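This report concerns only the one structure given below.
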Number of protein chains: 2
Amino acid sequence: MARKKEGLSERHRKIMEYLTEFIEEYGYSPSIREIGDAIDVKSTSLVDYYLNQLEERKYISREGRISRSIRVLQPIRSATKALSKQISDAAQAVTTAVDSIISIPLRGRIVASTPIPVPPSDFNYFDSESGVEIARSLLPAREKINELFALEVQGDSMIDAMVNDGDIIVMRPAQQASNGEMVAVWLDDKDETTLKYFYKENNRIRLQPANPTMDPIYVENTNDLRIMGKVVMVIRQYKNTVH
Amino acid sequence: MARKKEGLSERHRKIMEYLTEFIEEYGYSPSIREIGDAIDVKSTSLVDYYLNQLEERKYISREGRISRSIRVLQPIRSATKALSKQISDAAQAVTTAVDSIISIPLRGRIVASTPIPVPPSDFNYFDSESGVEIARSLLPAREKINELFALEVQGDSMIDAMVNDGDIIVMRPAQQASNGEMVAVWLDDKDETTLKYFYKENNRIRLQPANPTMDPIYVENTNDLRIMGKVVMVIRQYKNTVH
DNA sequence: ACTATACACGAACAAGTGTTCTGTGTCAAG
DNA sequence: CTTGACACAGAACACTTGTTCGTGTATAGT
């Protein structure tokens, strides 16, 4: 039947979606390798291949040899996405009149003895809880702000992470981490949540406390550990200054 | 042309203009060299120099090491150009932003071994340094925001206050404190700055570390201790989230 | 006169990034 | 079965782009 012409494949669609979201969020387009990562394609050449097709079909345009020069010409509409996007847009518009401030939903408390209430990957949870307002300039500029959520720390069990009772931690959901990142992990054998710096070593994982005077934990079996998210920020407020 | 302070120079203005026009036109931001050509600057380093100034003053934001990642935050109004839409947008942004977000000047670093650079009560020190932007909703409602200043913690010497290297602490100058407040004090006999909870007891002052596992310090003679300010907030950022 | 600071150039460097080439496997048409 | 279009990986390459460093100049303040 030799058709290929008309329909965009799933890949094409995912690229377009990623493109629009990325540009919306950061104001500039992703690199080829970033696109590859996002749509799970290993080689830059293949991304280029798809990009050329999209360009040929006038979905995007790009400038030869210029970095991050992709423009979206025809916004693609996946019915579901469009809706959720509008909702989150609206939410964002309401809570943050300006782009310079964002409101991060406060999802609950984080306690050592129970798993943290990670939002379902279906985010868009936007709702009744209170939010923590943070200037965007305080966050890494690339941060995907609509994934972020905040938790209030309960109890003193995380002092080895330099985190105190009442502190607020801002995190981003994640299942994996890179070396050196501060993550919230659930340890199966200890039955607890903890905050540690993450380091993958040869056949084990080292969890290093932020407090330099304390010793690391080693986890030999990857299955004994579940990464719940990466810590983006910690905020401690001293309210009592009003007297 | 010897000028430095607040006002943007002609160069700054030209850069902002070029930036907004370019982005408007192409949908992505120009490279440093392109900016240099446009404003007649021969060296990339000088463009970088101006760009850093603009970033510090929150006119733009950009991503380290990422090509063409400049975003315009505050549209500049060149009397001639001013696009009417941008004006009203900007006007609105300014008015709403101004009271929901405040910029706290970053005065320097706080090190255990030296007194903190408390601003002279002559506040009007106003900037040239960079600021830490914080949503007003995170501060106690009665806080006198124009007295606040921020310091970046240097070194691990304050881990007993649950404060780490690189943390940012927001404080308000003060010479006295009430019980239970977190203060920055200079200890004459030890020759160091430290952060502790303040408690006045019968004939002495108890300085209690935030870390509940550590022991307090007692100061018998009030003159051996100088309160530099009250801690309002501590912020810890984890930058390394490069996905 | 001396110093500190802001402004400026240019070159070298390193990282980011797009392009190209070679090779592999799949699948449907001939 | 063979062929050829297609989807894909990987690596090498080359160009683009941001960063850093050494140097120089002018001006203001001491």
Side-chain angles (χ1 to χ4, degrees), chain A residues 1-15 18-19 22-23 26-57 60-71 140-142 178, chain B residues 1-15 18-19 22-23 26-57 60-71 108 125 127-130 239-240 242-243:
Chain A
M1 41 170 138
R3 55 96 56 68
K4 54 143 192 192
K5 221 21 194 311
E6 272 332 284
L8 297 191
S9 73
E10 193 46 43
R11 279 273 165 77
H12 290 129
R13 210 175 308 276
K14 274 169 79 173
I15 291 180
Y18 179 66
L19 238 34
F22 190 104
I23 293 176
Y26 301 119
Y28 52 85
S29 79
S31 70
I32 288 196
R33 283 169 183 78
E34 284 169 339
I35 298 174
D37 283 353
I39 64 170
D40 230 52
V41 159
K42 303 297 169 46
S43 67
T44 57
S45 48
L46 188 55
V47 175
D48 187 56
Y49 171 69
Y50 285 120
L51 251 27
N52 283 332
Q53 295 175 350
L54 285 170
E55 187 169 19
E56 202 155 289
R57 299 173 197 186
I60 62 172
S61 77
R62 50 181 191 150
E63 229 70 37
R65 300 208 163 269
I66 289 189
S67 312
R68 297 172 180 276
S69 60
I70 302 175
R71 275 170 300 208
R142 316 265 305 280
S178 309
Chain B
M1 28 98 142
R3 213 342 185 15
K4 73 164 200 179
K5 257 286 169 48
E6 201 42 22
L8 299 190
S9 72
E10 193 46 43
R11 279 273 165 77
H12 292 130
R13 212 174 308 276
K14 275 169 80 173
I15 291 179
Y18 179 65
L19 238 35
F22 191 105
I23 293 176
Y26 298 111
Y28 51 86
S29 80
S31 71
I32 287 195
R33 283 168 183 80
E34 285 169 338
I35 297 174
D37 283 353
I39 63 170
D40 231 51
V41 159
K42 303 294 169 50
S43 67
T44 56
S45 49
L46 189 54
V47 176
D48 188 55
Y49 171 70
Y50 285 121
L51 252 26
N52 283 332
Q53 295 175 350
L54 286 171
E55 187 170 18
E56 200 150 288
R57 298 175 194 185
I60 62 173
S61 78
R62 53 181 191 149
E63 224 72 33
R65 302 209 163 271
I66 289 190
S67 313
R68 299 173 180 274
S69 61
I70 302 175
R71 278 173 298 212
Y125 211 75
D127 112 3
S128 75
E129 307 127 356
S130 55
K239 295 283 192 187
N240 48 346
V242 189
H243 11 278

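Just the heavy atoms: all of them, side chains too, but no hydrogens, waters or symmetry mates, feed the values below. Below, chain A is the first sequence line, B the second, and so on; all start at residue 1. Just so it is clear, the structure is predicted and the values come from calculations on it, not from any experiment.
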Inset, instruction - Send over the distance from H12(A) NE2 to dC6(D) C1', rounded to a whole Å. - result: 11 Å
Inset, instruction - First locate atom CZ of R13(B), then atom CD of E10(B), and finally report the distance between them rounded to the nearest 0.5 Å. - result: 6.0 Å
Inset, instruction - Rounded to the nearest angstrom, tell me the gap between atom CZ in F22(B) and atom C1' in dT17(D). - result: 13 Å
Legend entry - Distance (rounded to the nearest 0.5 Å) between I60(A) CD1 and Q53(A) CD: 10.5 Å
Legend entry - Between C1' of dA12(D) and NZ of K42(A), the distance in whole Å: 20 Å
Legend entry - Residues forming a side-chain contact (heavy atoms from CB on, under 4.5 Å) with S45(A), sequence neighbours excluded: S43(A)
Legend entry - Whole-Å distance separating the CD atom of Q53(A) from the C1' atom of dA5(D): 12 Å
Legend entry - Spacing of I35(B) atom CD1 relative to dT19(D) atom C1', expressed in whole Å: 14 Å
Inset, instruction - Go through Y28(A) and I66(B) one step at a time and tell me if the side chain to side chain contact (heavy atoms under 4.5 Å, CB included) criterion holds. - result: CA-CA 10 Å; Y28(A) 52 85; I66(B) 289 190; 4.0 Å; yes
Legend entry - Qualifying salt bridge (Lys or Arg N to Asp or Glu O under 4.0 Å) pairs with a residue from residues 34-52 of chain B, counting only residues at least two apart or across chains: E34(B)-R68(B), D48(B)-R62(B)
Inset, instruction - Can you figure out which of dA7(D), dC9(C), dA6(C) approaches the side chain of Y49(B) most closely? - result: dA6(C)
Legend entry - Under 4.0 Å protein heavy-atom contacts per nucleotide of nucleotides 12-19 of chain C, with B for base, S for backbone only and - for none: ---SSBBB
Inset, instruction - Nearest whole angstrom, please: distance from the P of dC7(C) to the CZ of R11(B). - result: 10 Å
Inset, instruction - Could you check how far CD1 of I15(A) sits from C1' of dA7(D), rounded to whole Å? - result: 13 Å
Inset, instruction - Measure the CG-CD1 distance between L54(A) and I70(A) for me, rounded to the nearest 0.5 Å. - result: 9.0 Å
